[in-house]
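In this text, all values refer to a predicted model and were calculated from it rather than measured experimentally.
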Amino acid sequence: MTHRRFSLRAASGLSIFLAVAVFALMSLLTVVLGAGVYRGVVERADANHEVRTAIAYVTGKVRGATGEITIEKTEVGNDMLVITEQYGERYYQTRIYAHEGNLYEVFAAQDTAFAPEEGQKIVSLDGFEAAREGELLRLKVHSGGREYTSSVSLSE
């Protein structure tokens, strides 16, 4: 009967294999964890972009308005920012409001009946609030469980 001896050469090969296997496993783990972190960063960046776009859009509309700015309620109780301006002999209204998870805008003659589903979608968000405090307009946008605010001066 012959005895095989565990040689140093076999131990060296096994240790190299184990080192490469551990390296490959750690590399795979790093890639998987990095992909998860990247996905979270991208989701937060997208949400921030949507919110910043909404606030910047409404703020720009308010600053560019030459007519009266009021706040009304939609039929479901959401805040609606209404900018009334005169063009020629007629009055028109720009209505900005949240409806079914989106920020919408409608531009129509002042006497046109309001229909929220006919608005043009601006961005996706959870909610929109507007409040006037004297010559200051406070805007709140809700998205992703967070609330973002902005204030706009209405004085000239």
Contacts satisfying side-chain hydrogen bond (donor to acceptor under 3.5 Å, both in side chains) that involve residues 67-77 (not counting sequence neighbours) are Lys73-Asp79

Consider only side-chain N and O atoms of Gln93 and Thr84, and report whether a donor and an acceptor are under 3.5 Å apart.
yes

*asked:* Between Arg132 (side chain only) and Gly134 (backbone N and O only), is there a donor and an acceptor less than 3.5 Å apart?
replied: yes

One should read off an interatomic distance between Asp46 CG and Ser143 OG, to the nearest 0.5 angstrom, of 10.5 Å

Sequence neighbours excluded, the answer for salt bridge (charged side-chain N to carboxylate O under 4.0 Å, His left out) partners of Glu133 is Arg138

Contacts satisfying salt bridge (charged side-chain N to carboxylate O under 4.0 Å, His left out) that involve residues 84-104 (not counting sequence neighbours) are Arg90-Asp111

* Asked: Would you call Thr149 and Leu139 a side-chain contact if the rule is heavy atoms closer than 4.5 Å?
  -> no

Apart from Val82 itself, its cluster of hydrophobic side chains linked below 4.5 Å comprises Met80, Tyr97, Tyr104, Val106, Phe114

Less than 3.5 Å apart, which donor and acceptor atoms pair up between the side chains of residues 115-128 and the rest of the protein, not counting sequence neighbours?
from	atom 1	to	atom 2	distance (Å)
Lys121	NZ	Ser124	OG	3.4
Ser124	OG	Asn102	OD1	3.0
Asp126	OD2	Gly144	N	2.9

CD1 (Ile71) and CD1 (Ile96) are apart, to the nearest 0.5 Å, by 11.0 Å

Salt bridge (charged side-chain N to carboxylate O under 4.0 Å, His left out) filter on Arg44, not counting sequence neighbours, yields none

| field | Cluster link Val62 to Leu136, ILVMFWY, side chain under 4.5 Å | value | no

Residues at least two apart in sequence or cross-chain that pass side chain to side chain donor-acceptor pair (under 3.5 Å) with Arg52, listed by chain then number, are none

Only pairs under 3.5 Å count here: list side-chain donor-acceptor contacts from residues 20-41, not counting sequence neighbours, and write none if there are none.
from	atom 1	to	atom 2	distance (Å)
Ser27	OG	Phe23	O	2.9
Thr30	OG1	Met26	O	2.8

Residues 62-93 vs ring-ring contact (aromatic ring centres under 6.0 Å, His included), sequence neighbours excluded, gives Tyr87-Tyr92, Tyr92-Phe107

Residues passing the side chain to side chain donor-acceptor pair (under 3.5 Å) test with Lys140, sequence neighbours excluded, are none

For Asn78 and Ala98 the tightest heavy-atom approach is ND2-O, 3.1 Å

In this structure, CD1 of Ile69 is separated from CG of Leu154 (nearest 0.5 Å) by 5.0 Å

Those residues at least two apart in sequence (or on a different chain) that pass side chain to side chain donor-acceptor pair (under 3.5 Å) with Glu129 are His142

The reported gap from CG in Leu137 to OG in Ser151 (rounded to nearest 0.5 angstrom) is 8.0 Å

Residues passing the side chain to side chain donor-acceptor pair (under 3.5 Å) test with Glu105, sequence neighbours excluded, are Tyr57, Lys61

